[in-house]
Amino acid sequence: MADPATVEAHPTEAPPAPPVTDARRRHDPRVRGFASDNYAGAHPEILAALALANGGHQTAYGEDEYTAHLQEVFRAHLGPAAEVFPVFNGTGANVVALQALTDRWGAVVCAESAHINVDECGAPERVGGLKLLTVPTEHGKLTPELVEREAYGFDDEHRAMPQVVSITQNTELGTVYTPEEIRAICETAHERGMTVHLDGARIANAAAALGVPLRAFTTDAGVDVLSFGGTKNGMLFGEAVVVLNPGAVRAMKHLRKLSMQLASKMRFVSVQFEALLAGDLWLRSASHANAMAGRLAEGARTVDGVEILHPVQANAVFARLPHDVSERLRKRHRFYFWDEAAGDVRWMCSFDTTEEDVDDFVAALREEMAR
């Protein structure tokens with residue numbers, strides 16, 4: 001006979017229907033632009049996973065069933081030593097990861113174009129309390145030789161100590177490191193007693209472009225800590241810090257809380273990553289975005305006067321065209337200037353970009369260039 005207390009606590013009847021909301025749709029869901037993969041909504045499979053995790057009570061602050069299972073999901077991709085710490089956003093992931101790898105007197109070597117240097121409002125330095133040592137690069141990629149430009153003065157008390165090399169995969173300019181290139185950087189850093197952080201805001205796009213497993217250019221290449229992106233690949237919100245070398249960090253849980261990146265209802269970040277990574281959704285979505293960027297670049301190259309600036313290897317296209325053309329075109333299809341003075345622009349593709357979106361944009365580009 002069933003325990004009455006159990007029956008009462010776990011009723012067998014169907015849950016009530018979702019409540020009606022007073023919210024109203026305030027945008028046209030048919031409109032898609034090329035400004036950022038952050039503009040895209042959440043993938044339907046991600047939304048379905050969030051619904052599965054909803055209802056009832058789960059322990060807060062990461063002590064839930066979904067976050068516990070997420071460890072195994074990440075280890076299947078990155079190896080048995082991987083430990084994942086979900087966070088709110090990419091800047092938070094980078095700041096937590098870099099704090100875990102540096103002392104108060106530490107510095108991080110990175111490309112001048114790195115997101116941590118250009119687009120995080122000084123958070124690594126002001127919040128993380130570390131120094132960024134930037135290096136000019138070609139197409140956004142560091143090399144062992146470029147790392148060595150700043151990897152000196154370890155015993156000089158007048159200089160911030162280089163302790164970390166941070167690379168971005170794929171880079172802020174849309175290019176992709178090969179596993180061999182990352183391995184060479186890791187070897188250079190480790191030989192000098194430094195560690196390696198990889199900003200993987202678009203890591204799925206890089207893996208799709210290379211046609212290799214995620215661990216091929218992370219764990220197996222010698223990366224110590226990884227910022228793993230999800231929002232740009234169809235998640236509603238959330239990123240993760242993944243420790244690949246436990247000996248390189250300390251007090252990760254404390255640093256996450258100190259940095260205001262500890263989610264109380266963490267199950268809703270974790271279940272999104274499970275939906276993304278337990279199957280092939282991460283690869284399907286990234287491969288599609290990459291293919292759309294390739295289609296866009298191919299079409300743009302047929303338009304007289306348009307210059308493609310960097311190799312198109314993932315889901316970004318960087319181009320140069322007359323400023324007035326960009327201004328008119330931006331009124332028809334949203335995108336950003338990258339260097340407005342030079343006329344450089346960035347076009348991003350997402351998991352939900354369609355061939356029709358791309359073809360309409362190229363047609364509009366051709367019309368505006370002809371005016």
Side-chain angles (χ1 to χ4, degrees), residues 34-40 43 74 76-78 90 111 113-115 137-143 166-186 196-223 226-235 239-240 242 244 273 276-277 279-301 308-319 335 338 346-355 357-358 361:
F34 295 88
S36 173
D37 35 13
N38 285 322
Y39 277 42
H43 194 286
F74 268 89
H77 286 284
L78 299 171
S113 56
H115 198 272
T137 64
E138 183 179 14
H139 303 308
K141 294 171 67 174
L142 284 176
T143 65
S166 181
I167 60 177
T168 309
Q169 176 76 320
N170 44 274
T171 74
E172 291 78 6
L173 300 181
T175 53
V176 176
Y177 289 94
T178 66
E180 293 74 23
E181 288 172 329
I182 293 179
R183 186 175 297 109
I185 290 171
C186 290
V196 177
H197 163 254
L198 190 147
D199 180 349
R202 296 185 175 93
I203 189 171
N205 300 93
L210 292 167
V212 300
L214 290 165
R215 66 175 295 159
F217 56 86
T218 56
T219 310
D220 295 346
V223 173
L226 165 66
S227 298
F228 198 105
T231 310
K232 293 178 172 63
N233 198 30
M235 281 176 48
E239 314 284 300
V242 187
L244 303 177
F273 271 118
L276 195 68
L277 294 170
D280 67 348
L281 178 58
W282 67 277
L283 187 58
R284 279 189 281 125
S285 296
S287 297
H288 176 79
N290 290 1
M292 292 301 98
R295 185 184 185 93
L296 175 54
E298 182 179 353
R301 288 191 180 100
I308 303 300
L309 299 175
H310 304 291
V312 179
Q313 298 176 332
N315 64 323
V317 180
F318 290 81
F335 60 87
W338 192 255
R346 186 189 73 169
W347 302 323
M348 295 297 304
C349 294
S350 309
F351 76 88
D352 63 349
T353 303
T354 68
E355 292 184 356
D357 294 334
V358 171
F361 180 80

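Bear in mind that the values here come from a model prediction, so they are computed numbers and not experimental data.
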Output the distance between atom [atom1] ([X]) and atom [atom2] ([Y]), rounded to the nearest 0.5 Å.
| X | Y | atom1 | atom2 | answer |
| --- | --- | --- | --- | --- |
| Ile203 | Asn233 | CD1 | CG | 10.5 Å |
| Glu172 | Arg346 | CD | CZ | 10.0 Å |
| Ile308 | Glu298 | CD1 | CD | 11.0 Å |
| His77 | Leu277 | NE2 | CG | 4.5 Å |
| Leu244 | His197 | CG | NE2 | 10.5 Å |
| Leu226 | Arg215 | CG | CZ | 13.0 Å |

For the pair [X] (side chain) and [Y] (backbone), establish whether a donor and an acceptor sit closer than 3.5 Å, ignoring hydrogens and angles.
| X | Y | result |
| --- | --- | --- |
| Thr353 | Ala289 | no |
| Glu239 | Ala201 | no |
| Tyr177 | Arg183 | no |
| Thr218 | Leu214 | yes |

Looking at every non-hydrogen atom in both residues, tell me the closest pair between [X] and [Y] and how far apart they are.
| X | Y | answer |
| --- | --- | --- |
| Ser113 | Thr137 | OG-OG1, 4.2 Å |
| Met348 | Arg202 | CE-NE, 3.4 Å |
| Cys349 | Leu296 | SG-CD2, 4.2 Å |
| Ala206 | Phe217 | CB-CZ, 4.2 Å |
| Ala293 | Val312 | O-CG1, 4.0 Å |
| Ser350 | His288 | O-CD2, 3.8 Å |

Could you go through the side chain to side chain contact (heavy atoms under 4.5 Å, CB included) check for Leu198 and Ile182 one step at a time? CA-CA 9 Å; Leu198 190 147; Ile182 293 179; 4.0 Å; yes

Are side-chain N/O atoms of Ser287 and Asn290 paired as donor and acceptor at under 3.5 Å? no

Taking the side chain as every heavy atom from C-beta outward, state whether Asp199 and Gln169 have any pair of such atoms under 4.5 Å apart. no

Heavy atoms, side chains only, cut-off 4.5 Å: are His139 and Gln313 in contact? no

Do the rings of Phe351 and His43 sit parallel, tilted or perpendicular, given the 30° and 60° boundaries? tilted

Only residue of Trp338, Phe335, Trp347 satisfying ring pair (Phe, Tyr, Trp, His ring centres under 6.0 Å) with Phe318 is Trp338

Does Phe34 have its ring centroid less than 6.0 Å away from the ring centroid of Phe361? yes

Checking Asn205, Thr231, Asn315 against Asp37 for side-chain hydrogen bond (donor to acceptor under 3.5 Å, both in side chains), the one that qualifies is Asn315

